[in-house]
J.: 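The structure under discussion is supplied below as structure tokens; questions concerning it will follow.
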Amino acid sequence: MIGKNTKENCIELIGKLRREQILTKEEYLYLIQNRDECAGELKEQAGEVRDEVYGKRIFIRGLIEFTNYCRNDCIYCGIRRGNHRAERFRLSAEEIISCADAGYELGFRTFVLQGGEDPFFTDEKMCAIIRALKERHPDCAVTLSLGERSDESYRSMREAGADRYLLRHETASKELYGKLHPAEQSLDNRIRCLHVLREMGYQIGAGFMVSPPFQTEEMLAEEMHFLKELNPDMCGIGPFIPHKDTPFAGEAAGTVELTLFMLGLIRLTLPRVLLPATTALGTIHPRGREMGVEFGANVVMPNLSPAAVRGKYLLYDNKICTGDEAAQCIECMKTRMRTTGCEIVVDRGDSLVR
Ligand code: 5AD
Ligand code: FES
């Protein structure tokens, strides 16, 4: 990068990334550091690549947050076991199934069962729920997001019919992982779980937070190399947002600009990845999810949980969509997506990665 101005260098690097689908860490870092100069260019290229691979079709996932009990103590998370102010809840199997039934009528063809690491939901209980969902809705995908469990547990749930597993790695940096989690939680095991899940035939989703305390731009550049190597089917990223009853209460949230920039970099690095515009992104900016789609995202995950418990699954402050019924939420989302020129479709939305 010689003899040109910063903006020209950035545009050249974005062109190279689109062609080669990888940059050096230094090149990613240069783009991240100079993102103000080239966010418009990245948005344009990332939108085009999304269109080439997936078109203007936006996949929806019906998120069922079914327990906020958690045995872990992630420093940033509002449902950490150390937060004694969290009002805990569990949905019954019947409640979970009726959320999915209602979601089916609204056009959802993927259900995401998400919860804290709650030992109450044994393999036996999870398998019974998975079997019931697959029996009632054989044309739907069941995605699990239950954190780290044993290999045996993952195997039995896969045999019961689960199709996909979301397990954000949170950060690829050992150093940062150690600052965001107590010593009993390990990045090595988390990454091992992702590999085990893929071996068992799950489509896997990884992901990280943008700008939690202690994250550097170098670490964000390294995320891109980690993702390239893992090559997940899906990658969920969102800004860190402080929660008032955690040790990070007074910390700054991640910005919409940096989160959008990272979405664009991911789309160019992994053209076929499923990329959600997350609720956290919608929380820090009223048009966050729409802008995420403009930067190459192609998935949104509206909440299907009963309105009565929605306000309790609070990982961070000011979470949106906590009061709405599922039917309202999907109508709202359809309108929002249309403002980007994209359209929500009735489809399982399987990964094209493999
Ligand atoms: N801010 C933003 N995202 C958070 N998550 C947990 N706590 C927070 C927070 N305070 C994310 C984690 C987790 C996902 C379910 O939510 O990345 O994997
Ligand atoms: Fe949930 Fe708008 S998307 S209310």
Side-chain angles (χ1 to χ4, degrees), residues 61 63-83 85-86 112-118 143-149 164-173 176-177 179-182 185 187 189-191 193-194 197 204-215 219-220 223 226-227 232 234-256 258-259 262-263 266 275-285 288-289 292 299-303 305 310 312-322:
R61 317 297 198 202
L63 189 60
I64 305 173
E65 296 160 339
F66 68 96
T67 172
N68 69 349
Y69 285 82
C70 191
R71 65 187 171 114
N72 286 340
D73 214 19
C74 308
I75 316 296
Y76 47 85
C77 184
I79 66 168
R80 66 201 299 266
R81 67 164 189 263
N83 179 10
R85 304 175 95 133
V112 182
L113 300 181
Q114 182 165 87
E117 291 193 16
D118 181 358
T143 302
L144 304 176
S145 178
L146 314 173
E148 294 167 48
R149 295 172 74 106
R164 311 182 184 139
Y165 205 101
L166 307 182
L167 185 69
R168 289 191 183 178
H169 58 286
E170 310 298 356
T171 168
S173 156
L176 180 57
Y177 197 91
K179 291 180 176 170
L180 300 179
H181 303 93
Q185 293 175 236
L187 177 59
N189 190 56
R190 213 161 170 87
I191 293 172
C193 286
L194 280 165
L197 288 160
I204 58 165
F208 59 89
M209 280 184 294
V210 176
S211 303
F214 313 114
Q215 187 181 59
M219 289 171 182
L220 280 173
E223 288 302 335
F226 175 82
L227 285 178
M234 180 151 165
C235 181
I237 71 161
F240 160 75
I241 304 173
H243 184 290
K244 62 184 185 338
D245 299 316
T246 64
F248 289 161
E251 302 289 338
T255 64
V256 69
L258 184 51
T259 308
M262 295 310 298
L263 281 173
I266 295 170
L275 194 59
T278 55
T279 306
L281 183 55
T283 295
I284 58 165
H285 190 286
R289 288 166 297 178
V299 174
V300 287
M301 303 176 65
N303 203 313
S305 311
R310 274 194 203 192
K312 298 183 183 168
Y313 199 85
L314 297 177
L315 308 183
Y316 46 79
D317 291 338
N318 306 315
K319 188 178 174 201
I320 53 169
C321 304
T322 50

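Position 1 is the first residue of the sequence; numbering continues from there. Whatever order the structure lists them in is the order used to number ligands and atoms, beginning at 1.
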J.: Say whether Glu170 and ligand 1 are in contact under the criterion: heavy-atom distance to a ligand atom below 4.0 Å.
T.: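 Under 4.0 Å: yes for Glu170.
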J.: How far is atom 11 (C) of ligand 1 from its nearest protein heavy atom, and which residue and atom name does that atom have?
T.: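 So the nearest neighbour among protein heavy atoms is Arg168 NH1, 3.7 Å.
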J.: Quick one, Arg310 with Asn303, criterion side chain to side chain contact (heavy atoms under 4.5 Å, CB included). Give me CA distance, side-chain angles, the key distance, then yes/no.
T.: CA-CA 8 Å; Arg310 274 194 203 192; Asn303 203 313; 3.8 Å; yes
J.: Any idea which protein heavy atom is nearest atom 16 (O) of ligand 1, and the distance to it?
T.: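 For this ligand atom, the closest protein heavy atom is Leu315 CD1, 3.3 Å.
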J.: Closer than 4.0 angstrom, basic N to acidic O: yes or no for Glu65 and Lys319?
T.: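 A salt bridge is present here (some side-chain N lies under 4.0 Å from a carboxylate O).
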J.: Could you tell me which non-hydrogen atom of Ala280 sits nearest to which non-hydrogen atom of Pro239, and how far apart they are?
T.: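 Closest approach of Ala280 to Pro239: O-CG, 3.6 Å.
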J.: Mind checking whether Leu166 and Arg164 have side chains closer than 4.5 Å, heavy atoms only?
T.: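 No, every pair of side-chain atoms sits at 4.5 Å or beyond.
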J.: So, are Arg190 and Glu148 salt-bridged, with charged N and O less than 4.0 Å apart?
T.: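 Looking at Arg190 and Glu148, the cut-off is met.
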J.: Write out the residue and atom name of the closest protein heavy atom to atom 3 (N) of ligand 1, then the distance separating them to 0.1 Å.
T.: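 Checking every protein heavy atom, the shortest distance to atom 3 (N) of ligand 1 gives Met209 SD, 3.5 Å.
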J.: So is Tyr76 polar-close to ligand 1, meaning N/O to N/O under 3.5 Å?
T.: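 Yes; at least one N/O pair falls below 3.5 Å.
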J.: Nearest to atom 2 (C) of ligand 1 by heavy atom, Ala280, Pro239, Gly147, Gly238: which?
T.: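 Among Ala280, Pro239, Gly147, Gly238, the closest heavy atom to atom 2 (C) of ligand 1 comes from Pro239.
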J.: Quick one: does His169's side chain get under 4.5 Å of Leu227's, heavy atoms only?
T.: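 Of all side-chain heavy-atom pairs linking Leu227 with His169, at least one is under 4.5 Å.
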J.: Could you identify the single nearest non-hydrogen protein atom to atom 10 (N) of ligand 1 and state the distance to 0.1 Å?
T.: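 Heavy-atom neighbour on the protein nearest atom 10 (N) of ligand 1: Ile241 O, 2.7 Å.
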